[in-house]
Q: 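What follows is a single structure, and I will ask about it in a moment.
In what follows, chains carry the letters A, B, and so on, assigned in the order in which the sequence lines appear, proteins first and then strands, with residues in each chain numbered from 1.
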Amino acid sequence: MELVTPEWGLVIWTSITFLILLVLLKAFAWKPIMSAITERESSIEKALLKAEAAKEEMARLTSENEALIKQARAERDQILSDAKKVKEQMISDAKELAHREGARMIELARVEINNQKAVAMADVKNQVAVLSIQIAEKVLQGQLEDQNKQDALVAQLLKEVTL
Amino acid sequence: MDFSHILNSKKITLSVVLGVFLTVFTCKAFAIQEKQVPEAAVENKETSKFDPSATILEHIGDSHYFHVGGHIAFPLPVILYTDKGLEIFSSERFEEGEKAYQGKYYQYALIKDKVKAVVADGKTIDETATVIDLSITKNVASMWLSVLLLLIIFFSVASSYKKRVGKAPKGLQSLLEPVILFIRDDVALPNIGYKYHRFMPLLLTVFFFILINNLIGMVPFFPGGSNVTGNIAVTFVLAVVTLIVVNVNGNKYYWKHIFAPDVPFWLYPIMWVVELAGIISKPFALMVRLFANIMAGHVIVIALISLIFIFKTLGIAPVSIAFTLFIDVLELLVAFLQAFIFTMLMALFIGSAVEEHHH
């Protein structure tokens, strides 16, 4: 019976000791320990979340990059095809222009040639006229040099004249 | 306050040393007790035979001396609160219980290891005097030692938490952190719920207080071996703490469950009796469970060692020591288990008192 009867002295000392222990440990051990543990856990959790977010961000960036590349490729194709079109346009334009210019120049040349030809013809005509007169002069001079010939000629002319 | 270097330095060897001491010194410690037996046996004048129950009761009971070995014992202070005033003197005055001591107000003597006021002859108890014994007994001294140990351990752990903010635990810190986390995640959180924060200091203190006293009680040589958690006064205090904490924190659902449960109203008086009995019986069960488990462990160990002295032969010693070793290992398990169960049930009772939704 003595064994299961609490002694009041020990009860009082245990109460005092336990309460002091509780207060001391609570203030100087459990509080810093628990807060440190929770802090560390939350920081680990945060770090994990951050890593997850970074992974997502990475994936997002990769897909964005791919989209950008695709877009760039399409743009390049567009630019190339545009350039091709422009080139063709330019070539055809140049061709047409050259053609027209050529035609115009040919026309001008033709007009010039005609003009020159006319001038030359006129010149030739003058020369022929001068030559003809000179020849005629020479011929007449030769004919009229000899009296007999003049008489013959007059005679002939007179013969021809039939009244 | 940094004691971590003291504790970390011999961390590995400590367990080895403890293990060796547990096995080797168990027999030595009780060899010491054997020498004290004649004193106990003196009371049994009719027989000079070895009385194991006297040895066992002497060991598991409290004492005004802290025995080191043989006849070396530290006398502890005796503090008496009498109806006439306070008396403080050393238990040395009793000279191992042989003599009565004349105090300021009464004459005192050790009768069955307890300080009593006696009449002039120094043997008969003075019934007229009211004496409350507030002595620093062996159990109180041992408890203070474990409290000191707890303070050193956890202050150093707390300081290493402060020093190593956000880093992985190291040394003693990493030994104790899983235990602290176990109390939090497997004891407090599932039983109390989201309000567990407020009760963590109490649960942790109770757990480590019981555990360290259980463990120190298992060390058979000075300054261990005292039966602190196997003393009903200590478990009584822990049970009262549980009772107070549970009922102070009880919410309206808890009290409704007790005073207005979901039964026909004419059953209320019966329910009140049953529920009030429940309030008392829960901590009462806690008190008895811890006390009986730890005390039983001590009793079995001494009983096994006593076999050597009962049979008066060394031949039985190997058997005795083998069984003691087995029981010591078992008690090591029990030391952890009982600390865990007490904390677990405390958390469970607190949880039932602060539970929000009622069904």
Q: Find the one option among Ile136(B), Thr235(B), Leu176(B), Ile132(B) whose heavy-atom pairs under 4.5 Å with chain A are most numerous.
A: Ile136(B)
Q: Can you find a heavy atom in the side chain of Leu10(A) that is under 4.5 Å from one in the side chain of Asp62(B)?
A: yes
Q: Looking only at heavy atoms and a cut-off of under 4.5 Å, which of Ile232(B), Asn139(B), Val140(B), Leu238(B) has the most pairs with chain A?
A: Ile232(B)
Q: Quick check on Met295(B) against chain A: is it the side chain, the backbone, both or neither that has a heavy atom closer than 4.5 Å?
A: side chain
Q: Could you tell me which of Val206(B), Val288(B), Leu204(B) has the largest number of non-hydrogen atom pairs under 4.5 Å with chain A?
A: Leu204(B)
Q: If you compare all heavy atoms of Val11(A) against all heavy atoms of Val237(B), which two are closest, and at what distance to 0.1 Å?
A: O-CG2, 3.4 Å
Q: Please check if the side chain of Arg40(A) supplies one atom and the backbone of Lys167(B) the other of a donor-acceptor pair under 3.5 Å.
A: yes
Q: Please determine whether the number of non-hydrogen atoms from other residues, nucleotides or ligands lying under 6.0 Å from atom NZ of Lys195(B) exceeds 12.
A: yes
Q: Is there a side-chain contact between Leu21(A) and Leu151(B) (heavy atoms, below 4.5 Å)?
A: yes
Q: On a heavy-atom basis, which atom in Leu22(A) and which in Pro201(B) lie closest, and how many Å separate them?
A: CD1-O, 3.8 Å
Q: Which residue out of Ile180(B), Thr137(B), Val228(B), Val240(B) racks up the most heavy-atom pairs below 4.5 Å with chain A?
A: Ile180(B)
Q: Relative to chain A, which segment of Phe236(B) carries a heavy atom at a distance below 4.5 Å: side chain, backbone, both, or neither?
A: side chain
Q: Which one of Lys162(B), Met287(B), Glu177(B), Arg164(B) has the most heavy-atom pairs closer than 4.5 Å to chain A?
A: Glu177(B)
Q: Please state whether the side chain, the backbone, both or neither of Ser43(A) comes within less than 4.5 Å of a heavy atom of chain B.
A: neither
Q: Is there side-chain contact between Met143(B) and Thr14(A), with at least one heavy-atom pair below 4.5 Å?
A: yes
Q: Which pair of heavy atoms, one from Thr17(A) and one from Trp144(B), lies closest together, and at what distance?
A: OG1-NE1, 3.0 Å
Q: A side-chain contact here means heavy atoms from C-beta on lying under 4.5 Å apart; do Phe291(B) and Val4(A) qualify?
A: yes
Q: Determine the option with the most heavy-atom pairs under 4.5 angstrom with chain B, choosing from Pro32(A), Ser35(A), Pro6(A), Gly9(A).
A: Pro6(A)
Q: Answer whether the closest heavy-atom distance between the side chains of Trp13(A) and Ile79(B) falls below 4.5 Å.
A: yes
Q: Please check if the number of heavy atoms outside Glu45(A) that lie under 6.0 Å from its CD is greater than 12.
A: no
Q: Say you draw a straight line from OG1 of Thr38(A) to NE2 of His197(B); how long is it, rounded to the nearest 0.5 Å?
A: 6.5 Å
Q: Taking the side chain as every heavy atom from C-beta outward, state whether Arg184(B) and Met34(A) have any pair of such atoms under 4.5 Å apart.
A: yes
Q: Hey, would you say the Phe208(B) and Trp30(A) ring centroids sit under 6.0 Å apart?
A: yes
Q: With a sphere of 6.0 Å drawn around CZ of Phe89(B), does it hold more than 12 non-hydrogen atoms of other residues, nucleotides or ligands?
A: yes
Q: Check whether any side-chain heavy atom of Glu7(A) sits under 4.5 Å from a side-chain heavy atom of Asp133(B), and report yes or no.
A: no
Q: Can you tell me which portion of Ile12(A) sits under 4.5 Å from chain B's heavy atoms? Options are side chain, backbone, both or neither.
A: side chain
Q: Any heavy-atom pair between the side chains of Phe18(A) and Val234(B) that's under 4.5 Å?
A: no
Q: Which atoms of Leu202(B) are under 4.5 Å from chain A, going by heavy atoms: the side chain, the backbone, both sets, or neither?
A: both
Q: Can you see which heavy atom on Ala29(A) is nearest to which on Ala158(B), and at what distance?
A: CA-CB, 3.9 Å
